[in-house]
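Comments concern the structure below.
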Amino acid sequence: MSERGAVKVLHVVGARPNFMKVAPVMRGMAAREGRFEQRLVHTGQHYDAAMSQVFFDELGITPPDDNLEVGSGSHAAQTAEIMLRFEPVIEAFRPDWLVVVGDVNSTMAATLVAAKIGVRTAHVEAGLRSFDRGMPEEINRLVTDALADLLLTPSPDADLNLRNEGVPESRIRQVGNVMIDTLAANLERARERQAPRRFGLEPRRYVYVTLHRPSNVDTQESLAAIASCLLDVSRRAPVVFPVHPRTRQRLHDFGLLESLASAASVKLIEPVGYLDSIGLAEAAACVLTDSGGLQEETTFLRVPCLTLRPNTERPITISEGSNRLTTLRALRDDLDLALARRAAGEAFPCPALWDGKASERVADALLSA
Ligand code: UD1
């Protein structure tokens with residue numbers, strides 16, 4: 001507790017998908033006036049303006065109190081560097097709670113540090129499992145949830161995963177999806193920017209693509225197959241593809257950038273900010289992605305989503321949403337189906353508690369823990 005009796009919270013973010021989650025959580029706590037004293041640490045895992053600063057600007061996130069500037073590296077190097085640089089920061093602030101979001105290396109590294117020095121951790125977006133330990137994020141989720149004291153989950157499947165791992169009920173609270181808080185609050189602003197028109201796209205006629213998972217983009221064989229598949233897709237509908245730095249580097253390394261960039265119906269663009277991503281997703285005929293966040297955003301927006309992965313840690317976006325797993329082999333047929341579902345205006349469902357109020361429940365959970 002602070003001198004004035006407020007709960008001291010240290011938030012840690014590091015990579016792009018963290019920013020739209022921390023924004024509403026910090027706002028939800030600030031709205032409970034005098035109840036929280038908050039501090040924000042950016043590890044610097046993502047550092048390009050287009051991967052980081054634009055989200056702070058668009059979402060009105062207060063500038064971080066500390067930036068650890070760890071930058072890129074191997075998983076071990078990056079994780080170790082975050083731990084080394086984070087330890088003195090958390091020691092100095094001595095929060096009542098560390099609050100971490102999502103499943104990136106920064107999430108896990110900060111949690112490890114807090115656990116070792118006896119600071120309680122709350123994990124927002126706990127309990128998601130792809131059951132695929134080949135994904136770095138799955139390792140991060142397992143470690144973070146094993147160590148965190150309060151597991152704030154987005155959906156009932158996450159609760160079940162935690163129970164199956166033997167987590168006591170007292171540590172689990174289903175709060176809903178904080179990312180949807182951000183989406184609901186910013187949808188109008190996103191529409192006003194008219195991203196499709198600015199990129200020369202006709203609403204409901206194009207496919208919005210994002211791909212950056214190591215399993216898709218890090219081998220020549222896989223990325224070459226994806227590139228040829230995208231050319232195939234673009235013969236049926238224009239493709240807009242904001243390219244993640246990792247993906248751009250690999251396309252370049254494997255000699256695939258030229259052919260894709262010169263295709264008439266493929267728009268390779270720089271990574272877009274939050275508002276334009278939402279604008280492009282909402283007006284798309286279909287989204288093709290390997291992102292976790294877009295699976296959820298398209299579910300809320302009721303836009304058909306094809307996830308180019310063998311599994312998802314967000315199965316609820318399939319059972320109660322507009323998502324579907326696909327493969328390069330099945331993509332042609334799956335795309336036809338998705339375009340037809342969109343044209344027919346199919347009414348997709350949306351999970352409970354994805355209602356724009358999850359962050360209020362996060363704040364309440366911390367006050368009552
Ligand atoms: C990370 C997360 C992933 C998330 C993704 C969103 C982990 C393990 N992975 O993956 O879950 O979906 O962020 O983007 O935490 N780079 C830049 N500029 C930057 C950041 C990265 O050029 O601002 C390049 C570097 O070459 C770097 C590479 O991208 O080596 C990968 O970055 P890294 O943070 O290691 O992982 P992501 O692939 O971005």
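Keep in mind that this is a model prediction, so the values were computed, not measured. In each ligand, atom 1 is the first atom listed, and ligand 1 is the first ligand listed.
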Taking atom 22 (O) of ligand 1 as the reference point, the nearest protein heavy atom with its distance | Pro245 CB, 3.2 Å

Same cluster or not: are Val119 and Val101 linked, directly or through other Ile, Leu, Val, Met, Phe, Trp or Tyr residues, by side-chain heavy atoms under 4.5 angstrom apart?
-> no

Got a donor-acceptor contact below 3.5 angstrom from the Ser262 side chain to the Ser259 backbone?
-> yes

Keeping the roles fixed (side chain from Ser322, backbone from Thr298), state whether a donor-acceptor pair exists under 3.5 Å.
-> yes

Check: Ala284 main-chain N/O paired with Arg342 side-chain donor or acceptor under 3.5 Å = yes

Protein heavy atom at shortest distance from atom 11 (O) of ligand 1 = Glu137 OE2, 2.6 Å

Considering only protein heavy atoms, which is closest to atom 19 (C) of ligand 1, and at what distance to one decimal place?
-> Tyr47 CZ, 3.5 Å

Any idea which of His212, Glu138, Arg250, His244 brings a heavy atom closest to atom 14 (O) of ligand 1?
-> His244

Of all protein heavy atoms, the one nearest atom 18 (N) of ligand 1 is Asp48 OD2, 3.0 Å

Candidate list Asp181, Ile316, Leu183, test side chain to side chain contact (heavy atoms under 4.5 Å, CB included), partner Trp354, passing option = Ile316

Roughly how far apart are Arg171 CZ and His123 NE2, rounded to 0.5 Å?
-> 12.0 Å

re atom 13 (O) of ligand 1, the protein heavy-atom contact at minimum distance is His46 CE1, 3.1 Å

Among the clusters formed by ILVMFWY side chains lying less than 4.5 Å apart, do Val22 and Phe55 turn up in the same one?
-> yes

Numbering the atoms of ligand 1 from 1, which are under 4.0 Å from a heavy atom of Asn105?
-> 7 (C), 8 (C), 15 (O)

What protein heavy atom sits nearest atom 6 (C) of ligand 1, and how far away is it?
-> Pro17 CD, 3.5 Å

Exam field: side chain His244 to backbone Glu270, donor-acceptor pair closer than 3.5 Å | no

May I ask you to identify the nearest protein heavy atom to atom 2 (C) of ligand 1, giving residue, atom name and distance to one decimal place in Å?
-> Val104 CG1, 3.7 Å

Going by the atom numbers of ligand 1, which of them fall below 4.0 Å from some non-hydrogen atom of Ser72?
-> 21 (C), 25 (C), 27 (C), 30 (O)

In the protein, which heavy atom is nearest to atom 36 (O) of ligand 1, and how far is it?
-> Arg246 NH2, 4.0 Å

Asn140, any N or O under 3.5 Å of ligand 1 N or O | no

Examine the proximity of ligand 1 to Ser52 and report which part, side chain or backbone, both or neither, has a heavy atom under 4.0 Å away.
-> neither

Return yes if some donor-acceptor pair links the side-chain N/O of Asp66 with the main-chain N/O of Val41 below 3.5 Å, else return no.
-> no

For ligand 1, which atoms have a heavy atom of Arg16 less than 4.0 angstrom away?
-> 14 (O)

Residue of the set Arg329, Arg324, Arg341 for which salt bridge (Lys or Arg N to Asp or Glu O under 4.0 Å) holds with Asp334 | Arg324

Under 4.0 Å to a heavy atom of Met51 - the qualifying atoms of ligand 1, by number | 14 (O), 23 (O)

Does an N or O anywhere in His75 fall below 3.5 Å from an N or O of ligand 1?
-> no

